[in-house]
Amino acid sequence: MAPQATSLVFIVRRCKPELVVPAKPTPHEFKQLSDIDDQEGLRFQIPFIQFYKYDTSMKGRDPVGVIREALAQTLVFYYPFAGRLREGPGRKLVVECTGEGIIFIEADADVTLEQFGDTLQPPFPCWEELLFEIPGSRGILNCPLLHIQVTRLKCGGFIFAIGLNHAISDGIGLVQFMMAVGEVVRGASSPSILPVWQRHLLDARDPPRVTNVHPEYDEVADTKGTIIPVDDMSQRFFFFGPTEISTLRKFVPHHLSQCSTFELLTAYLWRCRTIAIQPDPDEEVRIIFAVNASTKLNPPLPIGYYGNSFALPAAVTTAEKLCKKPLGYALELVKKAKDKVNDEYMRSSADMLVIRGRPHFTVVRAFAVSDLTRAGFKKVDFGWGKPVYGGPAKGGAGTIPGVICTFIPVKNGMGKDGILVPMCLPAPAMEIFVKELGGLSKFVVSSL
């Protein structure tokens with residue numbers, strides 16, 4: 001089996017960027033984001049990438065032209081994506097539905113899909129060439145909300161890369177949009193799931209009232225310089241397949257034996273990472289993770305809603321307790337935090353965000369996890385079948401290296417399904433982290 005081609009170098013020839021606008025006139029109106037959408041921690045661009053093989057049934061069809069046309073038709077339904085974000089009083093974000101369009105780049109690369117190797121996973125070679133950054137286009141306000149580049153490969157396959165302004169949608173909402181584009185490519189006149197805006201469903205109450213404790217948004221002073229430094233960072237990617245998860249479960253106490261893989265892996269990584277960064281024993285550390293709340297609301301969010309619909313519950317303890325107590329201690333904290341998420345918790349979160357001016361979640365001595373294993377990127381079919389890889393284009397997300405970790409679904413070189421976990425730590429801490437894993441998982445790729 002050929003390894004992933006991290007040293008692969010190739011040339012990408014791009015056409016001039018263009019704006020794809022809705023294929024028909026759309027309303028010029030202002031649409032407010034929800035009070036969950038416009039928190040500070042979601043005001044960034046997040047990239048995703050899809051790799052597709054050549055399909056003989058699509059012979060003679062150009063993926064660039066086909067997808068460009070389908071995007072224009074799909075934007076008739078998802079016309080807020082073709083608008084621009086504005087900021088109003090109280091830092092409230094609003095979409096002005098201008099119909100200006102999304103950025104689209106046509107490109108060709110002198111490389112085949114096979115040259116990327118058997119194991120397609122981040123970090124991808126020449127990534128910056130596959131979703132080219134146009135100077136001045138990546139702001140949060142007054143800029144395009146989607147950036148798309150479709151790159152033809154020499155083998156007839158292609159790469160679809162997309163950058164999303166996270167304030168307007170989450171990964172699940174983006175997949176809904178991409179699936180709709182795929183349906184239009186395959187001949188549909190409208191998406192099978194029509195988009196639902198209704199962002200007021202996740203707005204703060206009037207008057208707002210905080211009824212839950214929200215340690216995920218605590219203001220924590222960085223008195224000892226414990227925000228991870230950007231220099232001397234090491235990034236490695238760890239694969240957790242069925243064997244590794246089964247091994248981990250042997251350390252789970254009986255009363256927690258029904259825990260999910262996500263809960264188990266999150267607790268384990270939080271503990272190992274805390275041991276690696278060596279905070280003072282009495283310092284508080286916290287784990288923050290995204291929980292899809294769409295079905296936990298009463299009533300549930302309507303099918304078709306494509307705004308951010310997740311909570312960010314947190315668990316807090318001291319470094320000494322987390323590092324010295326067995327894995328079951330961390331696991332119980334994670335489960336309790338996750339179980340807190342219900343309708344009232346989401347209402348309280350929105351209220352707290354408004355009262356406090358839409359703060360960023362805590363980053364001091366914090367570790368944040370986002371699970372994209374079930375978001376659906378691997379199901380997106382633009383007519384050429386499902387992708388060989390579909391999901392995050394980079395290891396982390398957000399603007400703070402080393403704080404956010406994304407769980408990515410992959411197949412390893414042996415064809416086994418598993419979870420790829422990118423970790424970004426200062427080089428000395430990374431060495432401790434690797435030792436702490438104790439051979440449970442071996443890093444697949446290291447970079448940065």
Side-chain angles (χ1 to χ4, degrees), residues 2-21 45-75 81-82 100-139 143-165 174 178 181-182 185 377 380-394 445 447-448:
Q4 189 200 20
T6 51
S7 59
L8 180 65
V9 177
F10 51 87
I11 295 172
V12 177
R13 294 179 176 84
R14 289 180 300 275
C15 296
K16 185 179 178 182
E18 59 184 295
L19 286 170
V20 173
V21 302
Q45 300 274 348
I46 183 168
F48 299 93
I49 193 166
Q50 313 278 116
F51 289 77
Y52 292 92
K53 289 181 178 179
Y54 172 67
D55 187 326
T56 53
S57 70
M58 299 295 281
K59 185 177 181 180
R61 299 194 72 187
D62 173 24
V64 170
V66 164
I67 291 173
R68 183 198 286 119
E69 184 179 336
L71 282 167
Q73 293 179 50
T74 308
L75 285 172
F81 273 142
E100 289 175 79
I102 62 176
I103 287 182
F104 184 86
I105 300 175
E106 172 181 350
D108 290 276
D110 65 345
V111 67
T112 65
L113 188 57
E114 290 71 23
Q115 285 176 268
F116 281 88
D118 288 338
T119 310
L120 271 169
Q121 61 192 40
F124 296 105
C126 303
W127 157 246
E128 293 78 10
E129 300 298 314
L130 297 172
L131 186 59
F132 182 69
E133 183 167 339
I134 301 163
S137 70
R138 294 289 173 93
C143 288
L145 298 172
L146 293 176
H147 298 71
I148 294 172
Q149 180 172 321
V150 180
T151 305
R152 304 179 192 91
L153 304 176
K154 283 200 305 184
C155 55
F158 66 95
I159 297 170
F160 176 98
I162 184 167
L164 167 72
N165 184 324
L174 179 62
M178 291 164 62
V181 174
V185 168
F377 286 95
V380 177
D381 179 356
F382 293 118
W384 279 260
K386 292 178 181 177
V388 183
Y389 172 90
K394 292 182 176 181
V445 178
S447 64
L448 304 185

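Residues F124 and F51 place their aromatic rings such that the two centres sit under 6.0 Å apart. A distance of 6.0 Å or more separates the ring centres of F160 and F377.
In this structure the side chain of T151 never reaches within 4.5 angstrom of the side chain of D108, judged on heavy atoms. When side chains are defined from C-beta on, L146 counts as touching L164, because their heavy atoms get closer than 4.5 Å. A 4.5 Å side-chain heavy-atom check between V21 and L75 finds every atom pair outside the cut-off. Residues F48 and V380 are not in side-chain contact: their nearest non-hydrogen atoms beyond the backbone lie 4.5 Å or more apart.
The distance from the CG atom of D55 to the CZ atom of R61 is 11.0 Å, given to the nearest 0.5 Å. Note that the CZ atom of F10 and the OG1 atom of T112 stand 10.5 Å from one another [nearest 0.5 Å]. The distance from the NZ atom of K53 to the NZ atom of K386 is 14.0 Å, given to the nearest 0.5 Å. Note that CD1 of I102 is 10.0 Å distant from CD of E18, once rounded to the nearest 0.5 Å. Atom CD1 of I105 sits about 11.0 Å away from atom CG of L130, to the nearest 0.5 Å. Here CZ of R138 is found 4.5 Å from CD of E133. Values are rounded to the nearest 0.5 Å.
Smallest separation of non-hydrogen atoms from A393 and P122: O-CB, 3.9 Å. The shortest heavy-atom contact between Y54 and C155 is CB-O, 3.5 Å. Counting all heavy atoms, side chain and backbone alike, Q115 lies closest to L8 at O-CD2, 3.6 Å. Taking all atoms of both residues into account, the shortest heavy-atom contact from A109 to V12 is CB-CG2, 4.0 Å. For the residue pair V20 and L71, the shortest heavy atom distance occurs at CG1-CB, 4.2 Å. Heavy atoms only, all atoms of each residue included: P47 and W127 are closest at CB-CZ2, 3.5 Å.
Remark: side-chain polar atoms of H147 are paired, donor with acceptor, to backbone N or O of S137 under 3.5 angstrom. At least one donor-acceptor pair closer than 3.5 Å links the side chain of Q149 to the backbone N or O of F132.
Atom CD of E100 has more than 12 neighbouring heavy atoms from other residues, nucleotides or ligands inside a 6.0 Å radius.
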Exercise. Are I148 and I162 close enough, and set up right, to give a side-chain contact (heavy atoms from CB on, under 4.5 Å), and what steps lead you there?
Worked result: CA-CA 4 Å; I148 294 172; I162 184 167; 3.7 Å; yes

Exercise. Given F104 and V150, is the side-chain contact (heavy atoms from CB on, under 4.5 Å) satisfied, shown in steps?
Worked result: CA-CA 8 Å; F104 184 86; V150 180; 3.8 Å; yes

For this session: Using the side-chain contact (heavy atoms from CB on, under 4.5 Å) rule, take L120 and L113 through it: C-alpha gap first, then chi angles, then the decisive distance, then the call.
Result: CA-CA 10 Å; L120 271 169; L113 188 57; 4.1 Å; yes

For this session: Would you sort out whether R152 and D62 count as a side-chain contact (heavy atoms from CB on, under 4.5 Å), showing the intermediate values?
Result: CA-CA 9 Å; R152 304 179 192 91; D62 173 24; 2.8 Å; yes

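A search for ring-ring contact (aromatic ring centres under 6.0 Å, His included) contacts involving F158 returns Y52, W384, not counting sequence neighbours.
The salt bridge (charged side-chain N to carboxylate O under 4.0 Å, His left out) with E106 is formed by just one residue from the set K16, R14, R68; it is R68.
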